[in-house]
Amino acid sequence: MRIKKWLFALFAGAVLLSGCTGNDSETEKKTETVSSQDNKESSDSGMSSGKSDALPLPVAFEAKDMEGNEVTSGVFAESKLTMINVWATYCNPCLNEMPDLGELSGEYDSEEFQIIGIISDVQDGADQSTLEKASGLIESTGAVYPHLLLNESLYHAMLTDVTAVPTTFFFDDHGMIIDTVVGSRDKDAWKEMIDELLEKQ
């Protein structure tokens, strides 16, 4: 338990130090890579640059959503393309783009595309007031897609190298990461990226 709490504290601290990443002109022009580490845990994470050089192991995780439902990496098989948006309750760029993400989630056939959020500063087992705050933000932004609570499995699968929010990952239907974006985007920019990635699947 101490190790688990320390890992989460370390992750939260790193994100807090780096803060939020908005969609300024420099960030807008580039897709940043989240690099993997050489140890076994990070090699299991499946992190890659998204430029057709994905690691051979797909991402695997077990987590709970806001309603307490179990969600596993098997969820990737439900759509050709899955967008995982890592956000935080304190992050204005995250919250500002969530209405657009909510709209996008309803504009595609779920067999083609789906969006899942990961709340980076709300852990599985959080107190009721923390959960209510997160739920209120989800409702007020119209981001009515599933949102997962941070746990050790998610942390090791995807978040070990995340140092800023929002960070967004795109996965194929095998759970292989195919692109990574650091920073927020507007709806048109996301739609263009989604459509391009779908064409390649």
Side-chain angles (χ1 to χ4, degrees), residues 11 14-37 42 45-55 58-59 61 73 75-76 79-108 112-121 137-138 141-143 145-148 150 154-155 157-201:
F11 170 72
V15 172
L16 283 169
L17 286 172
S18 61
C20 301
T21 303
N23 60 342
D24 57 34
S25 57
E26 181 180 347
T27 306
E28 187 75 28
K29 291 178 182 177
K30 64 182 180 179
T31 297
E32 297 190 29
T33 299
V34 180
S35 63
S36 62
Q37 298 174 358
S42 61
S45 72
M47 302 290 272
S48 79
S49 67
K51 309 250 185 212
S52 73
D53 61 347
L55 295 175
V59 165
F61 67 84
S73 46
V75 73
F76 295 129
S79 295
K80 287 183 181 177
L81 181 68
T82 297
M83 177 182 188
I84 299 251
N85 179 254
V86 183
W87 64 282
T89 59
Y90 60 82
C91 172
N92 286 330
C94 302
L95 300 174
N96 289 339
E97 74 174 352
M98 282 166 63
D100 288 342
L101 298 181
E103 290 180 13
L104 286 167
S105 71
E107 292 177 5
Y108 289 84
E112 292 287 309
F113 173 72
Q114 64 179 335
I115 301 177
I116 298 171
I118 295 177
I119 316 172
S120 64
D121 62 332
L137 291 171
I138 291 166
T141 57
Y145 42 87
H147 294 266
L148 306 181
L150 183 64
L154 276 177
Y155 174 81
M158 278 181 275
L159 307 185
T160 55
D161 292 329
V162 172
T163 58
V165 286
T167 292
T168 301
F169 303 99
F170 288 93
F171 293 86
D172 66 15
D173 57 356
H174 299 294
M176 305 292 289
I177 192 167
I178 55 176
D179 215 337
T180 303
V181 178
V182 177
S184 61
R185 301 288 186 272
D186 63 21
K187 183 178 178 180
D188 290 341
W190 280 130
K191 184 171 177 56
E192 181 179 357
M193 184 175 296
I194 291 163
D195 291 343
E196 287 178 357
L197 290 172
L198 278 172
E199 285 180 7
K200 298 175 183 178
Q201 299 309 302

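Position 1 is the first residue of the sequence; numbering continues from there.
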Next item on the list: Using a 4.5 Å cut-off on heavy atoms from C-beta on, say whether the side chain of I84 contacts that of F76.
Entry: yes
Next item on the list: State the OG1-CD1 distance between T82 and I177, to the nearest 0.5 angstrom.
Entry: 11.5 Å
Check: Within the side chain of E107, is there an N or O that forms a donor-acceptor pair under 3.5 Å with the backbone of K191?
Finding: no
Next item on the list: Under the side-chain contact (heavy atoms from CB on, under 4.5 Å) rule, what do L137 and I119 come out as? Steps first, then yes or no, please.
Entry: CA-CA 11 Å; L137 291 171; I119 316 172; over 6 Å; no
Next item on the list: Indicate the atoms forming the closest heavy-atom contact of C91 with P166, along with that distance.
Entry: SG-CD, 4.0 Å
Check: Okay, side chain of S120, backbone of W87: is any donor-acceptor separation there less than 3.5 Å?
Finding: yes
Check: If you take all heavy atoms of V182 and A164, which pair is closest and at what distance?
Finding: CG1-CB, 4.4 Å
Check: Are L81 and Y108 close enough that some pair of their side-chain heavy atoms sits under 4.5 Å apart?
Finding: no
Margin query: Please give me the minimum heavy-atom distance between L95 and T89, naming the atom from each residue.
Written below: CD1-O, 3.8 Å
Margin query: To the closest 0.5 Å, what do you measure between OG (S73) and CG (L154)?
Written below: 10.0 Å
Item checked: Minimum heavy-atom distance Y145-G102, with the two atoms named -> CE2-N, 3.8 Å
Notebook entry, point to check: Would you find a donor on one side and an acceptor on the other, under 3.5 Å apart, between the side chain of D179 and the backbone of F170?
Noted result: no
Checklist line | Sub-4.5 Å side-chain heavy-atom contact between K187 and W190 | finding: no
Notebook entry, point to check: With side chains defined as the heavy atoms from C-beta onward, is the minimum distance between V165 and D121 less than 4.5 Å?
Noted result: no
Item checked: F171 and its side chain to side chain contact (heavy atoms under 4.5 Å, CB included) partner, picked from V59, L197, I178 -> V59
Checklist line | Pairs satisfying side chain to side chain donor-acceptor pair (under 3.5 Å), at least one member in residues 168-178, at least two apart | finding: N85-T168
Note to self: Run M98 and H147 through side-chain contact (heavy atoms from CB on, under 4.5 Å) and show every step you take.
What the structure shows: CA-CA 12 Å; M98 282 166 63; H147 294 266; 4.2 Å; yes
Notebook entry, point to check: Are F113 and S79 close enough that some pair of their side-chain heavy atoms sits under 4.5 Å apart?
Noted result: no
Notebook entry, point to check: So do the side chains of F169 and V162 get within less than 4.5 Å of each other, counting heavy atoms only?
Noted result: yes
Notebook entry, point to check: Hey, are the side chains of Q114 and V75 touching, using non-hydrogen atoms and a 4.5 Å cut-off?
Noted result: yes
Margin query: Using 0.5 Å steps for rounding, measure from the CD atom of E112 to the CD1 atom of I194.
Written below: 12.0 Å
Check: Which atom names give the shortest non-hydrogen contact between I138 and T141, and what distance separates them?
Finding: O-OG1, 3.2 Å
Notebook entry, point to check: Run the side-chain contact (heavy atoms from CB on, under 4.5 Å) check on M158 and V86 step by step: do they pass?
Noted result: CA-CA 10 Å; M158 278 181 275; V86 183; over 6 Å; no
